[in-house]
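A short worksheet on the structure shown next.
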Amino acid sequence: MPELARALEPRIISAAEAIREATVAAMERDERVFVMGEGATDPKGIFGTTSGLRERFGAHRVLEMPIAENGWTGMAIGAALCGQRPILIHQRVEFSLLAMEQLVNNAAKIHYVSGGRHRAPLVIRLIVGRGWGQGPAHSQSLEALFAHVPGLKVVMPSSAADAKGLLLAAVADDSPVVFIEHRWMHYASGHVDPEPRAVALDGPKRVREGDRATVVATSYMTLEALQAAEALAAAGCAVDLFDLRVLRPLDVGAITASVRKTGRLITVDTGHATYGIGAEVCARVTSAAFEDLRAAPVRIGLPEHPTPSARSLAEGYYPRSPQIAVAVGRAAGVSATVLEEVCAGLARERDAMPLDIPHPSFKGPF
Amino acid sequence: MPELARALEPRIISAAEAIREATVAAMERDERVFVMGEGATDPKGIFGTTSGLRERFGAHRVLEMPIAENGWTGMAIGAALCGQRPILIHQRVEFSLLAMEQLVNNAAKIHYVSGGRHRAPLVIRLIVGRGWGQGPAHSQSLEALFAHVPGLKVVMPSSAADAKGLLLAAVADDSPVVFIEHRWMHYASGHVDPEPRAVALDGPKRVREGDRATVVATSYMTLEALQAAEALAAAGCAVDLFDLRVLRPLDVGAITASVRKTGRLITVDTGHATYGIGAEVCARVTSAAFEDLRAAPVRIGLPEHPTPSARSLAEGYYPRSPQIAVAVGRAAGVSATVLEEVCAGLARERDAMPLDIPHPSFKGPF
Amino acid sequence: MTQTTMRPTLTSVLTPHARIDLFRQMLRIRRIEEEIARRYAEQQMRCPVHLSVGQEAAAVGACCVLRATDQIVSTHRCHGHYLAKGGSLNAMIAELHGRVTGCCSGRGGSMHLFDAAAGVLASVPIVGGNVPLAVGAALAAKQRRTNDVAVAFFGDGALEEGVVHESANLAATHGLPMVFFLENNRYSVYTPLDQRQPARPIVAFADAHGMPARSVDGNDVLSVREAMIHAVARARRGDGPSLVVAETYRFLEHCGPADDDALGYRPAGELARWQARCPITSFEAYLRELGELEDAIIEAFKTTIAAEIKLAFADALAAPVPAPETAQEGVYA
Amino acid sequence: MTQTTMRPTLTSVLTPHARIDLFRQMLRIRRIEEEIARRYAEQQMRCPVHLSVGQEAAAVGACCVLRATDQIVSTHRCHGHYLAKGGSLNAMIAELHGRVTGCCSGRGGSMHLFDAAAGVLASVPIVGGNVPLAVGAALAAKQRRTNDVAVAFFGDGALEEGVVHESANLAATHGLPMVFFLENNRYSVYTPLDQRQPARPIVAFADAHGMPARSVDGNDVLSVREAMIHAVARARRGDGPSLVVAETYRFLEHCGPADDDALGYRPAGELARWQARCPITSFEAYLRELGELEDAIIEAFKTTIAAEIKLAFADALAAPVPAPETAQEGVYA
Ligand SMILES: Cc1ncc(C[n+]2csc(CCOP(=O)(O)OP(=O)(O)O)c2C)c(N)n1
Ligand SMILES: Cc1ncc(C[n+]2csc(CCOP(=O)(O)OP(=O)(O)O)c2C)c(N)n1
Ligand SMILES: [Mg+2]
Ligand SMILES: [Mg+2]
């Protein structure tokens, strides 16, 4: 393929590969950047996102960590205060619960409390979300815990391109950024700019346009919502779909503008609904666009119980595109018969995929 | 005083004393109940709430703890699984961040994950809120972090009577209950039933009645909101004021009914507003009573930055009764001039009290 | 370092029958794990599995000196401990299959095995997170004066978690009836010990927390048992906790059914060296030497075990899956 | 236990002038703390204060061997460390008064002292939470090849926190240039050591994490200095971390300005016994014996220090408080 054609050709890679690319670029660009985590150097390389880094950048920049999450989170903060720019990785968000003290009391506050003198430029990569029967302590999506804390930035990409661009921006940011990756998002593939171009951490992105309703989704749920939105659009009901992307600091300006137009708001996020991401989006947008809201906002999230391991229970646990389509369609006034057809189509698509695995390449169990 | 008269006489004690009374009663009633914490046996007895317990119940039921929050939280869970009923105490909510892993992964989930076979009947007492220049890591109100987690119950009392009754219910509950005490709430005094009568963990309590707006407050902010509500009532604007009390499981039934009547909702809580308690209350009530809402719900909470230590900065940090009155009065359509008067009165009351201490008996710094 | 020399005690004298039973138990665990591995690819067990093949002597040697009311707390790698302590095989296999008859009614999967009747208090998938639960069980035993002991199983990786140190300090300070049982299989997932901890005798952990320790050949069921007899006796006497370190090795991959030697994270020949010290074949050889074990007995064991396993899988597959509408039940007690 | 016997090294030889300066530094810290205590009741310093009276030899002995680019990380009880490392007195007193001229612009209060120029990286009010920050500073020094070392100050209570063990393991495994400096003042708030930790030599902590340790009379500034010389040299050589335990005692209440002996949590006579071993008066006696110190010098020190303190308080009180509308600034960098 001639060079120019190749440059114009879409370059389809997975989000996991995009994360790896962003990491390589950040490390090449700035020698203060280093990577640390349990498994960062192992043969699986954290879902492939760190594969080969140690060989490329050496052991002093790609650090294998003992099982001591609080300790090495504090260590990263200390190194960041001294001018380094660590990227921390927790293979499961649950492990990072051990590091909450360091993240909430030190990382989030040290810039503020020092009157702006200290900087803690670290990126904390957390992997959330569903897996193969992982059970309740290996499958949570706890982004709301981090999003509540002033001083942290919280980012959730939903595409390969954003995974790369937002991670680059996170590494370049002088504040601590919690970068949350849904496990199934790792398999999202798409065109990714070969250049290391940061995507600003400046708020939601509209991924589909329409005027019948406003849908706000996070991370992997953006993909489910997109399927729903496309099926609805085919049935004549086009909606605005936003990928929230930056949970904190939260900017709902574009969403509010959309709701002013559509009069309806539906949120779809990856965590528990109660005291979750959708609650804030609904509360804030309701405040800002009350007069234009024509129906009560609707939230879709996980039900209020832990993740069960058994497949038969996990089935109903995770909202999928048909449920989203129903909620959105109802809000947008789509007739019951049309909605039934839309859902049937989505359900057929969904059922063609295994329930507890994200991608045919996924062989479980890890 | 003759006995009958004494029985009818209001028995005014502080919430801190009420907590101590509840603990004594629970320990007397059930020998499986025991108390543990850093400082549980020391001369200050955790704001007086554990004073004398060790002398009364012995060292095997009142355990002094090393500075190892995650360890002894796990220890408590293990003891609870074996039939004991521990009461854990963290003098600052920040210390409990070290125990998030045990609380979120084990305590909250073990009953569910075991198909109902395991029980973890523990009470985790957390002290939140403001103090004398404590700075950012000794003053947070992080109830939203716990309230987001299914499997935990989360309770916040606002009066001495409720402190006693709700704590008794928490100890009797077979699920883990996070019992959150605002530091200034400890000084709230009132009549407390001498008998150990539990107050069911079943939802909000209406503490004032009116039809101009619905105000929902948590813990210490209920007291500030009550002052505002009383001043407004005196100016002819009576509102429904609810003390939320049980943050999880959340029951907004009575609040929704009230909003159907008043058409206005204002939430006032002790934590950060964004992704906070008020967001959920607003989102949920908006869903349930959308048709009857006549204005956008209003949230009052902490601003989106850490607690500064300096008094001049703390001043504006904590919302007080005048701000609440303004928000409520505006929502309820009180005229600007009336509102100004109301606020001036409240500000006079407020300014008569020192800013950073809760009670004249408080001598700082602890 | 408190490496008390081993001296046989009265209780440590074993009848040939008891010795053979230790062999049978190890063989049983091995066979069960192997069957799980064999069937895993069928994708009926849809949860991560951390198999304990190679570490059977630790599980059996530790649990054989415990009574049913003694409590153990296990990890992600819990099958062996659960079985050695007397946990129900059927409830375990059903759990791996996500069935209502599972020990967690299908809600937990392989990393949450427990059996109240057998004294398997809980298994916990968060490394180190199980250890303080055992401290709590020991505290409850002391408070309730049951004279039971609690045993925390944990791996070499767990030693890196602060909570394990906190637990040791708590147990030692409060003189609790408990044993810290460390299976040093030298790896945390793919990372060898020397990349995660400094070079020093692992038993120094116990010194730091003022408790006695003993390090034993974890592939020798009798050595493990011997060390546990002392540790458990000490705990039951009310003299407080101690540490037992069992030096052992995992034969299969960290998580999943396969052999992973090809990945290259183990030094060449290391796996083979340890396989040559297989806890089961070496104990078999020893018992044969003593004249206590012969082909017929082994065959009989194998037959019984095979039947039991077959039944457990058949029962599991025949059992209903939990009804979706039950998913919301039982969040609160 | 690696209690290397003390051997004087070249660097450990002190000139009389340097010796006197150690005295002056301790006296200065004492006087500053006393002035804070004296003025605390005026309620102009509206934040908790954890005074270090009695522990001056630890702070000065530890910091006197460090250079400005070496980093220390301190705790809630940070005044002494901050001053000994060269932190600005004016910025500290202003911080306690919540003024814009404070080292944290008034936002942190007494428990958040730091001074970038002096190498006081941070002070942290969460027990143990500061220690991994020092590990990170040591890591940065290694990655950036600065040849600086990092020192984590912590108390006996912090030893109970898992994160301190995690930090030790991290520093040892990665061979980081760092010193764990433990001030054992025997109490955590009101709770004595024996209610919180088992009986065992505290230096066993270091063995558990494969690093050398030395326990010294923490009220003897020369002993502390001597131990630090070895520990810092080792770190700077690239040989990894070590532990120094300074045995010492707190004279005032845990938090606040008062003497709290009347509360009864200290055994009768204990405080008096330690006061008799006051690090300052005993060093003074020693220097007088050497003939290096006399009344005139001491008086001169006192005068200078008093003037400096007076100025610091006056400056603080004269400085503006932060404007309320700035409270929202600087959440993100
Ligand atoms: C807190 C925490 N961090 C990381 C993990 C991921 N993880 C699962 S098992 C494991 C290795 C544990 O090693 P070890 O304790 O030696 O047990 P082994 O697997 O060797 O039996 C790790 C790191 C986890 N489960 N929990
Ligand atoms: C994680 C945590 N738990 C509890 C506290 C409350 N606290 C403040 S200082 C202190 C005692 C610390 O003792 P030690 O480490 O010996 O230091 P010292 O006060 O003796 O200097 C405690 C328990 C805290 N700040 N952080
Ligand atoms: Mg291991
Ligand atoms: Mg101390």
Side-chain angles (χ1 to χ4, degrees), chain A residues 31-34 36 58-61 63-86 98-99 101-122 149-153 173-177 201 248-249, chain D residues 69 71 73 95 100-109 111-112 114-116 121-122 124-126 128-146 148 150 152 161-171 173-174 176 178 322 326-333:
Chain A
E31 62 174 16
R32 300 168 303 171
V33 176
F34 69 97
M36 56 200 288
H60 67 298
R61 291 185 68 198
L63 278 65
E64 185 59 45
M65 283 292 113
I67 319 179
E69 291 78 5
N70 200 24
W72 55 262
T73 301
M75 172 166 104
I77 297 168
L81 292 178
C82 292
Q84 299 294 89
R85 305 185 78 88
L98 287 157
E101 194 283 302
Q102 287 293 335
L103 291 173
V104 173
N105 290 331
N106 287 343
K109 299 184 172 48
I110 202 154
H111 180 69
Y112 181 85
V113 74
S114 68
R117 294 173 185 85
H118 277 311
R119 270 154 213 272
L122 43 129
V149 180
L152 298 178
K153 295 191 177 180
D173 202 289
D174 273 345
S175 297
V177 181
L201 306 181
R248 176 176 282 269
Chain D
T69 50
Q71 301 293 324
V73 177
E95 187 59 35
V100 281
T101 48
C103 60
C104 288
S105 308
R107 289 178 169 188
M111 302 190 285
H112 288 274
F114 82 106
D115 187 319
L121 185 64
V124 167
I126 299 294
N130 63 320
V131 177
L133 302 187
V135 182
L139 175 69
K142 189 174 177 179
Q143 286 175 325
R144 299 166 83 100
R145 302 172 197 274
T146 60
D148 291 328
E161 280 291 2
V163 74
V164 174
H165 290 267
E166 294 178 3
S167 298
N169 181 56
L170 281 159
T173 302
H174 290 266
L176 300 181
M178 129 157 223
T326 63
Q328 321 210 23
E329 293 166 9
V331 178
Y332 296 100

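Per chain, numbering begins at 1; letters A, B, ... match sequence-line order.
Taken to the nearest 0.5 Å, the CG atom of A/Leu201 stands 11.0 Å off from the OH atom of D/Tyr332. The CG atom of D/Asn130 sits 8.5 Å away from atom CG of A/Asn106, with the distance rounded to the nearest 0.5 Å. Between atom CG of residue D/Leu133 and atom CD1 of residue A/Ile77 there is a gap of 6.0 Å, rounded to the nearest 0.5 Å. With rounding to the nearest 0.5 Å, the separation of OH in A/Tyr112 from SG in D/Cys104 is 11.5 Å. Separation of atoms SG (A/Cys82) and CD (D/Gln71) is listed at 5.0 Å; rounding is to 0.5 Å. With rounding to the nearest 0.5 Å, the separation of NE2 in D/His174 from CG in A/Leu63 is 5.0 Å.
The parts of D/Ala137 that come within reach of chain A are both its backbone and its side chain, each placing non-hydrogen atoms under 4.5 angstrom from that chain. Both the backbone and the side chain of D/Ala327 come within contact range of chain A, each with at least one heavy atom under 4.5 Å from a heavy atom of that chain. Only the backbone of D/Glu329 comes within less than 4.5 Å of a heavy atom of chain A; no side-chain atom from C-beta onward does. Contacts between D/Leu121 and chain A at a heavy-atom distance below 4.5 Å involve backbone atoms as well as side-chain atoms. Looking at A/Glu69, the atoms closer than 4.5 Å to chain D (heavy atoms on both sides) all sit in the backbone: N, CA, C or O.
Most heavy-atom pairs under 4.5 Å with chain D: of the set A/Lys109, A/His118, A/Gln102, A/Lys153, this distinction falls to A/His118. For the options A/Ala59, A/Pro150, A/Gly115, A/Gly74, heavy-atom pairs under 4.5 Å to chain D are most numerous at A/Gly74. Interface summary for chain A: among D/Val73, D/Asn169, D/Leu139, the most heavy-atom pairs under 4.5 angstrom belong to D/Leu139. When each of D/Val124, D/Ile126, D/Leu176, D/Val100 is scored by its heavy-atom pairs under 4.5 Å with chain A, the top score falls to D/Ile126. The candidate with the highest count of non-hydrogen atom pairs below 4.5 Å against chain A, out of D/Cys103, D/Gly102, D/Ala138, D/Gly106, is D/Cys103. Contacts with chain A were tallied for D/Arg144, D/Arg107, D/Glu166; D/Arg107 has the most, counting heavy-atom pairs under 4.5 Å.
The main-chain N or O of D/Ala333 is never found under 3.5 Å from a side-chain atom of A/Arg119 such that the two would form a donor-acceptor pair. Using modelled atom types, no side-chain atom of D/Gln143 and backbone atom of A/Gln84 make a donor-acceptor pair closer than 3.5 Å.
For the pair A/Met65 and D/Leu170, the minimum side-chain heavy-atom distance is below 4.5 Å.
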Run the numbers on A/His111 and D/Val331 for side-chain contact (heavy atoms from CB on, under 4.5 Å), then give the verdict. CA-CA 7 Å; A/His111 180 69; D/Val331 178; over 6 Å; no
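Taking every heavy atom of both residues into account, D/Ala122 and A/Ile110 meet most closely at CB-CD1, 4.4 Å.
Annotation: cation-pi pair A/Arg117/D/Phe114 absent, no NZ/CZ under 6.0 Å from the ring centroid and within 45° of its normal.
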